[in-house]
> 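There's a structure below that I have some questions on.
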Amino acid sequence: MLGREVRTSLHAMFLRGEHRPPLVKHQPHLIKEFNPGDRIQARDYTVGSTQRWRFGTIQERLGRLHYKIITDDGCVWRRHIDHIQKLGRRNCSVSPLY
């Protein structure tokens with residue numbers, strides 16, 4: 001038909017050789033990793049909350065992509081890695097302004 005082969009989904013499964021495109025999978029979760037004790041910001045999904053992010057500490061890793069977090073106000077949350085941001089360290093000294 002029109003000088004080309006008709007393809008089905010089975011062709012993608014069983015295609016061999018150079019014609020098969022390389023599998024490039026975007027995996028941002030492989031870049032981020034947290035250790036127990038790390039200071040973080042976690043997304044707040046509680047009803048009526050005016051803040052989107054809460055500060056806390058990583059307590060433990062629950063799986064490949066989930067962590068147990070203790071917020072600064074004492075709540076224990078379970079969050080996906082995409083809903084956690086690591087806090088940066090500040091190495092600047094503060095001098096009084098006169």
Side-chain angles (χ1 to χ4, degrees):
M1 184 163 123
L2 298 175
R4 58 184 173 184
E5 181 182 353
V6 177
R7 291 181 44 105
T8 66
S9 58
L10 293 175
H11 284 88
M13 288 176 36
F14 298 108
L15 188 61
R16 303 225 191 273
E18 330 176 340
H19 302 291
R20 185 176 202 161
L23 292 175
V24 178
K25 193 172 183 181
H26 181 64
Q27 297 177 337
H29 61 273
L30 295 178
I31 298 169
K32 281 203 273 189
E33 187 172 284
F34 301 103
N35 298 316
D38 284 352
R39 290 288 296 160
I40 52 95
Q41 285 182 313
R43 186 71 164 93
D44 186 359
Y45 291 105
T46 55
V47 176
S49 177
T50 58
Q51 296 177 329
R52 289 189 177 189
W53 296 90
R54 295 278 175 109
F55 295 101
T57 307
I58 298 288
Q59 185 178 16
E60 68 177 296
R61 188 173 186 165
L62 298 175
R64 205 179 65 170
L65 300 174
H66 290 87
Y67 290 87
K68 185 188 270 187
I69 298 165
I70 298 180
T71 61
D72 288 349
D73 57 354
C75 296
V76 178
W77 290 349
R78 179 179 177 259
R79 289 289 183 265
H80 189 274
I81 196 166
D82 290 344
H83 301 182
I84 302 172
Q85 294 179 352
K86 194 168 196 168
L87 290 178
R89 293 184 180 173
R90 289 191 172 182
N91 293 331
C92 60
S93 61
V94 178
S95 59
L97 298 173
Y98 291 103

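Note that the structure is a prediction, hence the values are computed from the model and not measured.
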> Which heavy atom of K32 sits nearest a heavy atom of D82, and at what distance?
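Smallest interatomic distance, heavy atoms only, reads NZ-CA, 3.9 Å.
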
> Sequence neighbours excluded, which residues qualify as side-chain hydrogen bond (donor to acceptor under 3.5 Å, both in side chains) partners of R39?
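Partners of R39 under the side-chain hydrogen bond (donor to acceptor under 3.5 Å, both in side chains) test: T57, D72.
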
> Quick one: does any side-chain atom of R43 pair with a main-chain N or O of R52 as donor and acceptor, under 3.5 Å?
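Such a contact is found between R43 side chain and R52 backbone.
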
> How long is the span from the NE2 atom in H83 to the CD atom in Q41, to the nearest 0.5 Å?
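Atom-to-atom, H83:NE2 and Q41:CD are 14.0 Å apart.
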
> Could you list the residues that satisfy side-chain hydrogen bond (donor to acceptor under 3.5 Å, both in side chains) with T8, not counting sequence neighbours?
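side-chain hydrogen bond (donor to acceptor under 3.5 Å, both in side chains) list for T8, sorted by chain: H11.
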
> Going only through I, L, V, M, F, W and Y residues with side-chain contacts under 4.5 Å, is there a path from W53 to I58?
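Each belongs to a different hydrophobic cluster.
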
> Between L65 and I84, is there a shared hydrophobic cluster once you connect ILVMFWY residues whose side-chain heavy atoms come closer than 4.5 Å?
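In one cluster with L65: I84, yes.
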
> List the residues meeting side chain to side chain contact (heavy atoms under 4.5 Å, CB included) with S49, not counting sequence neighbours, and say none if there are none.
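In terms of side chain to side chain contact (heavy atoms under 4.5 Å, CB included), with neighbours along the sequence ignored, S49 is linked to D44, T46, Q51, R54.
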
> Give, for atom CZ of F55 and atom CD1 of I40, the distance between the pair rounded to the nearest 0.5 Å.
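Going from CZ on F55 over to CD1 on I40, the span is 9.5 Å.
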
> Name all residues meeting the side chain to side chain contact (heavy atoms under 4.5 Å, CB included) criterion together with K86; count only those two or more places apart in sequence or in a different chain, and write none if there are none.
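Scan of K86 (side chain to side chain contact (heavy atoms under 4.5 Å, CB included), adjacent residues dropped) gives F34, D38.
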
> For R78, enumerate each residue passing the salt bridge (Lys or Arg N to Asp or Glu O under 4.0 Å) test, keeping only those at least two apart in sequence or located in another chain.
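By the salt bridge (Lys or Arg N to Asp or Glu O under 4.0 Å) rule, R78 matches no residue at all.
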
